[in-house]
Protein chains: 2
Amino acid sequence: MDGRNGGAPTCDYLFVHEDAVAQVLSALPDDEQLYDLAELFRMFGDTTRIKILYVLFEKELCVCDIAKLLGISQSAVSHQLRILKDAKLVRFRRDGRTVFYALDDDHVRSVLALGMEHILEK
Amino acid sequence: MDGRNGGAPTCDYLFVHEDAVAQVLSALPDDEQLYDLAELFRMFGDTTRIKILYVLFEKELCVCDIAKLLGISQSAVSHQLRILKDAKLVRFRRDGRTVFYALDDDHVRSVLALGMEHILEK
DNA sequence: TGAACATATGAACGATTGTTCACATGTATA
DNA sequence: TATACATGTGAACAATCGTTCATATGTTCA
């Protein structure tokens, strides 16, 4: 995935007009943004993480509660929370030995809702 | 990822109240929906597929044009288009030996836009 | 300080994924 | 029908991912 043509033959024409090509390419965000965008969606692309985000939909929960509610090991939950935290999708606060996690902003809720809307209509 | 606790020790309490647990669990979609939701987002979680969806944002394009515009091999594009087609995110029409692909509905555009909005604000 | 508890993390392993390569399929035209 | 061209696809391979296991970190309380 280095943006290079792998040597396979490609057709020797373009169907789209030259100005259409220019339009498409100018509207295309740069590679870094596209990478970040893919990375964002990759966060939602795992069942365990989706479940974690969903149980945090209403209120903050500690690691242990999440693990028990979902029937997943504490370690697995902790690993995934770290990934979600690095992606700034969840935030946490410490209270004694307990760490509470919550959704970082309403965008997360919007994305989940929009995705759910889509699969319910298909 | 079988929903079973891997045997790791979990805490022997719940911070949330019993009714809160019930509320969280009742609001949680069933496993099949959550799997479908994760699968949907997984489609957006790859740079190549994101790029393909983006160049289809404005107009339909043939496989060859997509490959040339993105500098990706025709085979790779074809493989990814099949995945996107199976996920009902793109549709196609045949015109002679050429096959034109287009976004299947406006949900795709909405999801892309919402995701982009999120990363631009972070 | 030491024991108990909640959480974090590194290493390892199996599973999944995306690409390439080679070739098959299907359509148009001479 | 033969050839050229656009697209589709199976196998193989490297890379990435998510879990488990064992253990480390950090906090509370006696």
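Every value quoted in this text rests on a predicted model; they were computed, and no experiment measured them. Protein chains get the first letters and strands the later ones, always in sequence-line order, with residue 1 at the start of each.
In summary, of the residues considered (B/Arg93, B/Arg94, B/Glu60), a side-chain contact (heavy atoms from CB on, under 4.5 Å) with B/Val99 occurs for B/Arg94 alone. No option in A/Leu89, A/Asp36, A/Val111 other than A/Leu89 meets the side-chain contact (heavy atoms from CB on, under 4.5 Å) test with B/His118.
Not a single donor-acceptor pair, N or O on each side, falls under 3.5 Å between the base of C/dT19 and the side chain of B/Thr48. A/Thr98 contributes no side-chain N or O that forms a donor-acceptor pair with the base of D/dT27 under 3.5 Å. In the interface, the side chain of A/Gln74 is paired with the base of C/dA8 through a donor and an acceptor atom under 3.5 Å apart. With hydrogens and angles left out, the side chain of B/Gln80 and the base of C/dG18 share no donor-acceptor pair within 3.5 Å.
Taking 4.0 Å as the cut-off between side-chain N and carboxylate O, B/Lys51 and A/Asp31 count as a salt-bridged pair. Using a cutoff of 4.0 Å between basic side-chain nitrogens and carboxylate oxygens, B/Arg109 and B/Asp106 are scored as salt-bridged.
A/Phe44 places its CZ atom 14 Å from the P atom of D/dG18, with the value rounded to the nearest Å. B/Asp95 has its CG atom 11 Å from the C1' atom of C/dA28, to the nearest Å. The CD1-P distance, from A/Ile66 to C/dA8, rounds to 10 Å in whole Å. Atoms CZ (A/Arg94) and P (C/dC5) sit 17 Å apart, rounded to a whole Å. Atom P of nucleotide C/dG26 and atom CZ of B/Phe92 are separated by 13 Å, given to the nearest angstrom. Rounded to an integer number of Å, the gap from NZ of B/Lys85 to P of D/dT9 is 6 Å. When the C1' atom of C/dT17 is taken as reference, atom CD1 of B/Ile83 falls 8 Å away, rounded to whole Å. For B/Leu84 and C/dG18, the CG to P distance is 10 Å, given to the nearest whole Å.
Put simply, A/Arg82 has no side-chain N or O that comes within less than 4.0 Å of OP1 or OP2 on C/dT7.
Closest to the side chain of B/Arg97, out of D/dC5, D/dG26, D/dG10, is D/dC5. Distances were taken from every side-chain heavy atom of B/Ser73 (C-beta onward) to each of D/dG8, C/dT20, D/dA22; the shortest belongs to C/dT20. Relative to the side chain of B/Cys62, the nucleotides D/dG18, D/dT7, C/dT19 differ in distance, and D/dT7 lies closest. Checking C/dA8, D/dT7, C/dT17 against the side-chain heavy atoms of A/Val63 singles out C/dA8 as nearest. Of the candidates D/dG18, C/dT20, C/dA8, C/dT20 carries the atom nearest the B/Ser75 side chain, counting heavy atoms from C-beta on.
A/Leu37 CG to B/Ile119 CD1: the interatomic distance, rounded to the nearest 0.5 Å, is 5.0 Å.
Both A/Gly96 and A/Ala76 lie near DNA chain D, and the one whose nearest nucleotide falls closer to the 5' end is A/Ala76.
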Exercise for the section: Could you walk me through whether B/Phe57 and A/Val24 pass the side-chain contact (heavy atoms from CB on, under 4.5 Å) test, one step at a time? Expected result: CA-CA 8 Å; B/Phe57 207 96; A/Val24 166; over 6 Å; no
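Across all strands, A/Ser78 comes closer than 4.0 Å to base atoms (heavy-atom distances). Using a 4.0 Å heavy-atom criterion, one finds that B/Phe100 contacts no nucleic acid atom at all. Using a 4.0 Å heavy-atom cutoff across all strands shown, B/Tyr101 reaches sugar-phosphate atoms only and no base atom.
Ring-to-base geometry places A/His79 in a stacked arrangement with C/dT9 (centre distance under 5.5 Å, plane angle under 30°).
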